[in-house]
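Contents: one structure, followed by commentary.
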Amino acid sequence: MKRLSTWKKIDVLMALSVRGFSCSSDDDIAPDGSGKQEKRLSKIEIDAQNHSAFTYNDGLLTAMEELTDGHLERSTILYAADKKPTEMVMPDGKIKFVYAGDRLVKEELYETGSTVPGLFNEYIYDGKHVKEVIGYVMDEGEKMALFKRKFSYYANGDLQQVEVLEQGLTEGLELSITITYVYDDKKSPYIPTVGPYIALLTQTFAKHNVIKETTVDASGAINEEIVTTYSYDDQGYPTAAVEKKTEHGGTPQTTNKKFIYLP
């Protein structure tokens, strides 16, 4: 999971739930209908300087802690009475979530102490899936697009590809990179951890685990490739992962992760 920071990554929540936005009471029901509660993450350990930790209250994820190279950030999540997330509060600001029914239609990003959003993201849907996310800034009272994310999906609903368009040297948005995802057929631990708002709160986009992520530039040349190998328990949840990241022309960097669940 990536470090959350409102102003260091303006599109921190770039892809919203591929599952839709139903706050179903069946989120804790096993896929086989047995009623057995699924596992929820307590912590993802990397080493003494890097981890992710999760805090719950009344079954809802209320805080996420990110330790990145020894730097600690904590995000607090607030909910409405219907259990929709309404705000994510971070050290350098907050994000407010605006809905139309059960669908997120806008994210408003505020600096700490500000009552006016400095940036906002708008969501466009194609059926139940997010088709595009467009990030805007207000410029002399008018909206100016900073970026656009265009999404495509596999038949099972997992996110397949993201095209990232950004402001280029000429006026308007230009294709910058394309990211393609390949998955296993096992259970993502983020689904029972977060519930139906999985992507909104964790930047994960699928009900399965990513085993390969490839980023290419506008010409199609590979910028980065991440290959992940998992170990699983008898319920199909990952217990450990070995992640190998190779940037263009660079030496592969290996990261080991350990998944710890609530008892």
Side-chain angles (χ1 to χ4, degrees), residues 1-17 21 23 41-44 46 48-100 102-124 130 132-149 162 164-167 173 176 190 193-205:
M1 195 168 60
K2 299 176 182 177
R3 178 173 166 185
L4 295 173
S5 177
T6 308
W7 306 109
K8 292 176 184 175
K9 186 171 178 61
I10 60 173
D11 55 334
V12 64
L13 305 173
M14 72 177 187
L16 198 53
S17 179
F21 295 95
C23 292
L41 282 168
S42 172
K43 195 174 185 180
I44 301 174
I46 297 176
Q49 296 293 306
N50 297 272
H51 73 238
S52 302
F54 306 86
T55 301
Y56 305 88
N57 184 24
D58 257 356
L60 296 174
L61 179 68
T62 53
M64 293 187 294
E65 178 182 287
E66 292 286 325
L67 183 67
T68 305
D69 296 330
H71 177 82
L72 183 65
E73 288 191 4
R74 184 176 175 86
S75 304
T76 302
I77 303 149
L78 306 179
Y79 293 83
D82 60 3
K83 299 186 178 180
K84 287 194 193 75
T86 56
E87 291 186 16
M88 178 181 284
V89 182
M90 291 164 283
D92 52 358
K94 66 182 178 181
I95 302 175
K96 287 187 176 182
F97 307 117
V98 180
Y99 299 88
D102 280 340
R103 284 187 167 180
L104 182 83
V105 293
K106 183 191 282 189
E107 296 158 350
E108 299 177 342
L109 286 73
Y110 296 79
E111 271 189 293
T112 299
S114 176
T115 59
V116 179
L119 303 162
F120 57 95
N121 302 333
E122 292 185 350
Y123 286 76
I124 301 169
V130 175
E132 294 180 353
V133 177
I134 306 174
Y136 294 97
V137 64
M138 296 303 295
D139 182 26
E140 297 182 352
E142 295 188 1
K143 292 194 307 184
M144 181 179 76
L146 295 178
F147 69 85
K148 179 186 289 188
R149 305 291 187 260
V162 182
V164 182
L165 291 81
E166 297 176 333
Q167 285 287 346
L173 299 175
S176 174
Y190 295 110
T193 295
V194 181
Y197 297 94
I198 175 174
L200 184 153
L201 301 182
T202 66
Q203 292 184 272
T204 52
F205 320 108

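Small disclaimer: the values here were computed from a predicted structure and weren't measured.
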When you look at Val98 and Phe120, which way does the side chain to side chain contact (heavy atoms under 4.5 Å, CB included) test go after all the steps?
-> CA-CA 10 Å; Val98 180; Phe120 57 95; over 6 Å; no
Of all heavy-atom pairs linking Lys94 and Val89, the shortest is CB-CA, 4.0 Å
Shortest non-hydrogen separation from Val164 to Arg149 and the atoms involved = CG1-NH1, 2.7 Å
Ile44 and Tyr190: which non-hydrogen atoms are nearest, and at how many Å?
-> CD1-OH, 3.4 Å
Hey, are His51 and Glu65 close enough side-chain-wise for a donor-acceptor pair under 3.5 Å?
-> yes
Would a distance-only check, ignoring hydrogens and angles, find a side-chain to backbone donor-acceptor pair under 3.5 Å from Asn50 to Asp69?
-> yes
If we only count heavy atoms from C-beta on, is the Glu132 to Lys148 side-chain gap below 4.5 Å?
-> yes
For the pair Lys143 and Glu122, find out whether any cationic side-chain nitrogen is under 4.0 Å from an anionic carboxylate oxygen.
-> yes
Hey, is the main chain of Glu66 close enough, under 3.5 Å, to the side chain of Ser52 for a donor-acceptor pair?
-> no
Does a side-chain heavy-atom distance below 4.5 Å link Ile134 with Ile124?
-> yes
Value rounded to 0.5 Å, distance of OG1 in Thr115 from OH in Tyr110 | 8.0 Å
Are the side chain of Thr86 and the backbone of Leu78 linked by a donor-acceptor contact shorter than 3.5 Å?
-> yes
Does Asp82 reach the main-chain N or O of Lys84 with its side chain, forming a donor-acceptor pair under 3.5 Å?
-> yes
Checking side chain to side chain contact (heavy atoms under 4.5 Å, CB included) for the pair Thr62/Thr76: CA distance, chi angles, key distance, verdict?
-> CA-CA 6 Å; Thr62 53; Thr76 302; 5.8 Å; no
Determine yes or no for a side-chain-to-main-chain donor-acceptor pair under 3.5 angstrom, with Gln167 supplying the side chain and Ala145 the backbone.
-> yes
One should read off an interatomic distance between Leu146 CG and Glu166 CD, to the nearest 0.5 angstrom, of 9.5 Å
Where do Phe54 and Lys43 come nearest, in terms of heavy atoms and distance?
-> CD1-N, 4.1 Å
Worked verdict on Glu107 versus Val133 for side chain to side chain contact (heavy atoms under 4.5 Å, CB included) = CA-CA 10 Å; Glu107 296 158 350; Val133 177; 5.6 Å; no
Taking side chain as C-beta onward, heavy atoms only, is Pro85 less than 4.5 Å from Tyr99?
-> yes
Over-ring placement of Lys106 relative to Phe97, 6.0 Å and 45° cut-offs = no
Smallest separation among heavy atoms of Leu109 and Asn121, with atom names = CD1-ND2, 4.2 Å
When rounded to the nearest 0.5 angstrom, what is the spacing between CD in Glu108 and OH in Tyr136?
-> 14.0 Å
For residues Thr55 and Arg74, determine if any side-chain heavy atom of one lies less than 4.5 Å from a side-chain heavy atom of the other.
-> yes
Any donor and acceptor pair, going by atom type alone, linking the side chain of Tyr79 with main-chain N or O of Leu61 inside 3.5 Å?
-> yes
Scanning both residues in full, the closest heavy-atom pair of Ala63 with Ile77 reads N-CD1, 4.3 Å
